[in-house]
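Working notes for the structure below.
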Amino acid sequence: MLTRYEFRMIPDRPCRTRPEWGYHLYAAMLERLPREFGQRAHEDGPSPVSQFVCLRDGALYWSVTLLGEEAEALAGPVLEASGPFFLQKDRVALTPSLEVRESIADADELFRRGGLGGRIHRLDVCTAAAFKSRGQYLSLPTPRLILQSLMKKWNGCFPDCPIVDEDGQGMEAMAEGLTLREFCLRDAAYSLKGRPIPGFRGTLTLENRLSGFHRELADALLVFSGFSGVGIKTTLGMGGVRHISL
């Protein structure tokens with residue numbers, strides 16, 4: 001199970017927003033949750049939370065996805081009842097107003113949603129996204145890197161319906177069948193504890209030219225990206241994605 005919340009965040013004074021507010025809101029959220037949730041979120045492996053902030057139509061929005069039944073049970077009620085969040089460094093209080101609550105019961109529902117769309121998927125990458133390989137940051141997306149990231153997040157969210165690809169051949173075959181039709185990207189950085197992480201922001205349009213089960217799985221994974229985000233440190237506010245089927 002996964003649930004995505006979208007809050008409109010209302011500041012108590014005029015201010016200049018920053019993408020890194022996602023990190024500070026996440027830290028403030030953890031302070032309101034049971035200690036075991038924070039411990040689980042920082043264990044090795046996929047995190048039970050993906051979140052980011054973005055400006056849309058002049059308003060600030062905070063998108064938070066709880067990945068898995070445990071996260072939903074522990075954090076869901078707290079999020080829905082949250083009062084203002086105070087960001088001490090910026091000296092601003094943000095009052096959340098819940099505008100969207102969207103739940104996915106299981107992996108089958110993602111497959112159903114993927115099947116309802118067409119072959120074209122647009123990913124609006126709202127906050128700096130990056131990948132990491134052999135200790136190096138990679139700030140240019142490829143279908144292979146996107147699929148690799150989403151498969152890892154999927155297996156953390158749906159342990160009862162894992163994607164098994166021990167030799168990597170399935171992912172390689174799927175990556176060859178995904179084409180980047182259009183992209184409008186720019187370099188972007190995300191600052192964590194004073195250290196900028198290089199990445200990219202912008203829009204990616206992918207065409208799914210696969211067939212059979214591989215096509216169905218790729219469609220489901222790309223729909224999933226709108227909940228999980230893509231790339232590294234999506235728990236801390238990086239790689240926030242809005243997915244649109246065209």
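From a predicted model like this one, the values you see are computed outputs, not experimental measurements. One-based numbering along the sequence shown.
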key: Which residues share a side-chain contact (heavy atoms from CB on, under 4.5 Å) with Thr234, sequence neighbours left out   = Ser50, Lys153
ask   = Looking only at heavy atoms, which two atoms of Ile146 and Pro141 are closest? And how far apart?
value = CD1-CB, 4.3 Å
query = Can you say whether the rings of Trp154 and Phe111 are parallel (under 30°), tilted (30 to 60°) or perpendicular (over 60°)?
reply = perpendicular
Connected via hydrophobic side-chain network under 4.5 Å: Val100 and Leu55 = no
message = For His24, give me all partners under side-chain hydrogen bond (donor to acceptor under 3.5 Å, both in side chains), at least two apart in sequence or on another chain.
response = none
key: Separation between CG of Leu140 and CZ of Phe200, rounded to the nearest 0.5 Å   = 8.0 Å
query = Going through the checks in order, is the side chain to side chain contact (heavy atoms under 4.5 Å, CB included) test met by Leu178 and Leu147?
reply = CA-CA 10 Å; Leu178 283 182; Leu147 286 175; 3.8 Å; yes
request  = For Glu20, check side-chain contact (heavy atoms from CB on, under 4.5 Å) against everything at least two apart and list the hits.
outcome  = Arg18, Tyr190, Ser191
query = Would Met29 and Met238 show up in the same hydrophobic cluster when neighbours are defined by side-chain heavy atoms closer than 4.5 Å?
reply = yes
query = Should the pair Arg32 and Phe85 be classed as cation-pi, given the thresholds of under 6.0 Å to the six-membered ring centre and 45° from the axis?
reply = yes
task = Output all residues satisfying side-chain contact (heavy atoms from CB on, under 4.5 Å) with Arg13, sequence neighbours left out; order by chain, then residue number.
result = Cys15, Arg91, Val92
ask   = Apart from Leu246 itself, what residues make up its hydrophobic cluster when side-chain heavy atoms of I, L, V, M, F, W and Y under 4.5 Å apart count as a link, directly or indirectly?
value = Ile120, Ile244
Value rounded to 0.5 Å, distance of CG in Leu25 from CG in Leu236 = 12.5 Å
task = Report the C-alpha distance between Ile163 and Phe158 in whole Å, list the side-chain angles of each, state the deciding distance to 0.1 Å, and finish with yes or no for side chain to side chain contact (heavy atoms under 4.5 Å, CB included).
result = CA-CA 9 Å; Ile163 299 170; Phe158 301 111; over 6 Å; no
key: Pairwise salt bridge (charged side-chain N to carboxylate O under 4.0 Å, His left out) hits with a residue in residues 212-236, at least two apart   = Arg215-Asp219
task = Could you name each residue pair satisfying salt bridge (charged side-chain N to carboxylate O under 4.0 Å, His left out) that touches residues 116-130, not counting sequence neighbours?
result = Arg122-Asp124
ask   = salt bridge (Lys or Arg N to Asp or Glu O under 4.0 Å) with Arg56: which residues, sequence neighbours excluded?
value = Glu6
request  = If a pair satisfies salt bridge (charged side-chain N to carboxylate O under 4.0 Å, His left out) and one of its residues is in residues 181-197, list it, with sequence neighbours excluded.
outcome  = Arg181-Glu207
ask   = Which distance, rounded to the nearest 0.5 Å, do you find between the OG of Ser245 and the NE2 of His121?
value = 5.0 Å
Salt bridge (charged side-chain N to carboxylate O under 4.0 Å, His left out): pairs with one or both residues in residues 128-141, sequence neighbours excluded = none
task = With sequence neighbours left out, write down each residue that passes side-chain contact (heavy atoms from CB on, under 4.5 Å) with Ala189, or none if nothing qualifies.
result = Pro196
Would you give me the side-chain donor-acceptor pairs under 3.5 Å for residues 72-82, sequence neighbours excluded?
from, atom 1, to, atom 2, distance (Å)
Glu72, OE1, Thr3, OG1, 2.9
Glu72, OE2, Arg101, NH2, 3.1
Glu80, OE2, Tyr5, OH, 3.1
Glu80, OE2, Arg101, NE, 2.8
Ser82, OG, Val78, O, 2.8

